[in-house]
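Below you'll find the structure, written out as structure tokens, and then a few comments.
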Protein chains: 2
Amino acid sequence: MRPTVHDIAAAAGVSLATVDRVLNQRPGVRHVTREKVETAIREIGYVRDVAAANLAKGRTYPFVFIVPASDNSFMHGLNAEVQAAVARSPVERTHIRTVEVPAFDPAALVDVLDQLGTERPSGIALVATDAPEVRDAVDRLVQAGIPVVTVVSDLTGSLRHHYAGVDNIAAGRTAARLLGRFLGGARGDVAVLAGSMLVRDHRERLEGFASLIAEEFPGLSILPVIEGRDDPEMAHMLVADALSKNAGITGIYSLGAGNRGLIRALKEKAVDRSLTVVAHELTAHTRAALLDGTIDAILNQDAGHEVRSAIRVLKAKADGLSVIDAQERIRLDIFLKDNLP
Amino acid sequence: MRPTVHDIAAAAGVSLATVDRVLNQRPGVRHVTREKVETAIREIGYVRDVAAANLAKGRTYPFVFIVPASDNSFMHGLNAEVQAAVARSPVERTHIRTVEVPAFDPAALVDVLDQLGTERPSGIALVATDAPEVRDAVDRLVQAGIPVVTVVSDLTGSLRHHYAGVDNIAAGRTAARLLGRFLGGARGDVAVLAGSMLVRDHRERLEGFASLIAEEFPGLSILPVIEGRDDPEMAHMLVADALSKNAGITGIYSLGAGNRGLIRALKEKAVDRSLTVVAHELTAHTRAALLDGTIDAILNQDAGHEVRSAIRVLKAKADGLSVIDAQERIRLDIFLKDNLP
DNA sequence: CAAATTTTGATTTACGTACATCAAATTTGA
DNA sequence: TCAAATTTGATGTACGTAAATCAAAATTTG
């Protein structure tokens, strides 16, 4: 049987009340006594029964999810997953509130974060906009003892407890290797479609992509980045234009959203050309395009995993427990036609 | 606040005891009263607090993991993950016992399963040997109300509640597409190194691999399968031999274990040849080979995820709860040099 | 050394559910 | 209609922990 507080009390030769004082860091225990209890805890290998403790405390975890008000399918998916987590709230003893902030607006994000500093929720998850003032605001929260995790997009040099998202530099390099190998050493131009170079994930993907192409596929040259603002219409126009003007394009890397426009452009302008296309984010559109051969590979991060992982980590941090690292690593999924879920 | 048994009692106009009788399917409740309570439960949206219930019951989940006594790194890894789960047992209220059975021995597996039928644990996870008598034994357990999940290797046509593993046909097809695309449409011979054609996962991987090569890469011809019995020495010998005798080999697909031998053979016989190699299972050896360019891609299933998923599913089944399907899908990881964990 | 202060012990209630017991009410059958 | 059988209610204890109260003991201070 698993040891209980009574066992600690017996082992340390003190009363239950004293054990409780030590366990819950209440005052009124002499240093020597405290140490005696702590030793007993270690020696008999006591671990608090979190379920019983939460029951006794009537504890719930008030968490806040801060998501950008972006109108693209990835963010919609992320929101849906957060809502799914909200639906599970009663069972998981969480109480999740979502806050929308304007995208790419550090000041607005800082305002929200500072406000939360006074509310003191049990944990905060945010899709970070990578700016120094945001980092400082997050660090203030962390130093005030509030667990904070970043989701999807990380925050350079901050004290956040955890990042639930993929390594975007690695993602870019992986895309580059797939594209390069699929092109089989042929010379040619590669077009890159991004949302905006102001977003850290997009910058990092491009950085990884460009560096690996330069290192290992010197026959390929990367054209100036097309910024489609994650907007299908704009992406369509810009890609169609590029394909018309440049007959030397043999590969395309789409590292952001707005793939609907890309796919349309490809179907209009490139049915006859044998282009190799690697895109990010699995959606109904990209899935169909992968199946019909318009896209050759899709890199994906699973928003559901990210949300669930963020919640698990926040809970663990709130309880001062450790997490299973391997379980919380968000993997970069590579989908070909054959391994779609 | 979340509704409790007291709220049901009040809503249904009955006593706590009656609610308890309905909730725990105890006898002595008139049909009409039972319905009244069930309606109230539905209407106020009551969900049992599993933590409190388990506390009251002093419940633990006695689970059994049946793993084959195979001496390869994948099974070692799987065992390590099961042991890690055992270490977490006190916290998770599980009580996991592992049973080793001889590999590829349906009769031995059936014996163990039948034995467990009398012990009636809360759940059973097994690495299935795909044979009709095993399927029947599993079906008997399921029909006796014991939750059963298969791990790593599934059981054709059985009633098992869940399979925590990858789709091996899809894995084979994915390997074929990677190999085919990496080879860039060139003609050539492809060698396949398997453990044994008696194992279902290996058969399925080969099946998927061969079918996609036939469909989409007619320039590639698959050589007779090399059965290395997942043994490094044997794999080394057979692969070295094949490479010496056949200069037309341009690609290798290793779908089982024993990759240490494969890698040694490649380094000895194929440094000058530009072979494309796709292998299964990420280990220290395959990882190093991927990094130094000996292997081009690794397909992997995460044993830790499989074990944790199996446990979550068994718990849910034991409690009659539903699982988050997306969370329990075991993904086929594709690792290139750039996205290694 | 007594008084003031700090530390410790003993005990109780609560969280939400499970389970058992016994009494009271209701229904059923003859 | 009455006894027997069935159904329902009332109540208490338990699970492991949290949190509070009050008394007793130990320590520190003057």
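In what follows, every heavy atom counts, from backbone to side chain, and hydrogens, waters and symmetry copies are set aside. Every value quoted in this text rests on a predicted model; they were computed, and no experiment measured them. Naming convention: chains lettered A, B, ... in sequence-line order (proteins, then strands); numbering from 1 in each chain.
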Using whole Å, what does the distance between atom [atom2] of nucleotide [N] and atom [atom1] of [X] come to?
X      : N       : atom1 : atom2 : answer
D49(A) : dG16(C) : CG    : P     : 16 Å
L55(B) : dC15(D) : CG    : P     : 9 Å
R30(A) : dT7(C)  : CZ    : P     : 8 Å
I44(A) : dG16(D) : CD1   : P     : 13 Å
R48(B) : dC15(D) : CZ    : C1'   : 15 Å
K57(A) : dG16(D) : NZ    : C1'   : 13 Å
I8(B)  : dA18(C) : CD1   : C1'   : 13 Å
L16(B) : dC15(C) : CG    : P     : 13 Å

Does G28(A) reach a base, just sugar-phosphate, or nothing at all? Heavy atoms under 4.0 Å.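 Base, at least one base atom sits under 4.0 Å.
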Touch check for D20(A), heavy atoms < 4.0 angstrom, all strands: base, sugar-phosphate only, or nothing?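 If one applies the 4.0 Å heavy-atom cut-off, D20(A) turns out to touch a base.
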Contact nearer the 5' end of DNA chain D, comparing P3(A) with A17(A):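 The answer here is P3(A).
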Quick check: on DNA chain D, is the nucleotide nearest V14(B) upstream (toward 5') of the one nearest A52(A), or the reverse? Name the residue that is more 5'.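 Nearer the 5' end of the strand: V14(B).
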Distance under 6.0 Å and angle within 45° of ring axis: R59(A) vs Y61(A):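 Checked: cation-pi criterion met.
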From the options dA18(C), dG16(C), dG9(D), select the nucleotide whose nearest atom is closest to the side chain of R21(B).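 Selected nucleotide (nearest to the side chain): dG9(D).
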Closest to the Y46(A) side chain, choosing from dA18(D), dT17(D), dA10(D):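 Closest nucleotide among those given: dT17(D).
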Under-4.0 Å salt bridge between [X] and [Y]:
X       : Y       : result
R135(A) : D130(A) : no
R48(B)  : D319(B) : no
E119(A) : R97(A)  : yes
D302(B) : R329(A) : no

5'-most contact on DNA chain C: P27(A) or H6(B), nearest heavy atom basis?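 Mapping each residue to its closest nucleotide by heavy atoms, the 5'-most match is P27(A).
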Is the phosphate of dC19(C), meaning OP1 or OP2, less than 4.0 Å from a side-chain N or O of R26(B)?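 So the side chain of R26(B) is within the cut-off, an N or O lying under 4.0 Å from OP1 or OP2 of dC19(C).
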With a 4.0 Å cutoff (strictly under), does any side-chain N or O of T18(A) reach OP1 or OP2 of dG9(C)?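 It does, given that an N or O in the side chain of T18(A) lies less than 4.0 Å from OP1 or OP2 of dG9(C).
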What is the base-pairing partner of dG16(D), counting Watson-Crick and G-U wobble geometry with both distances under 3.5 Å?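 Pairing partner: dC15(C).
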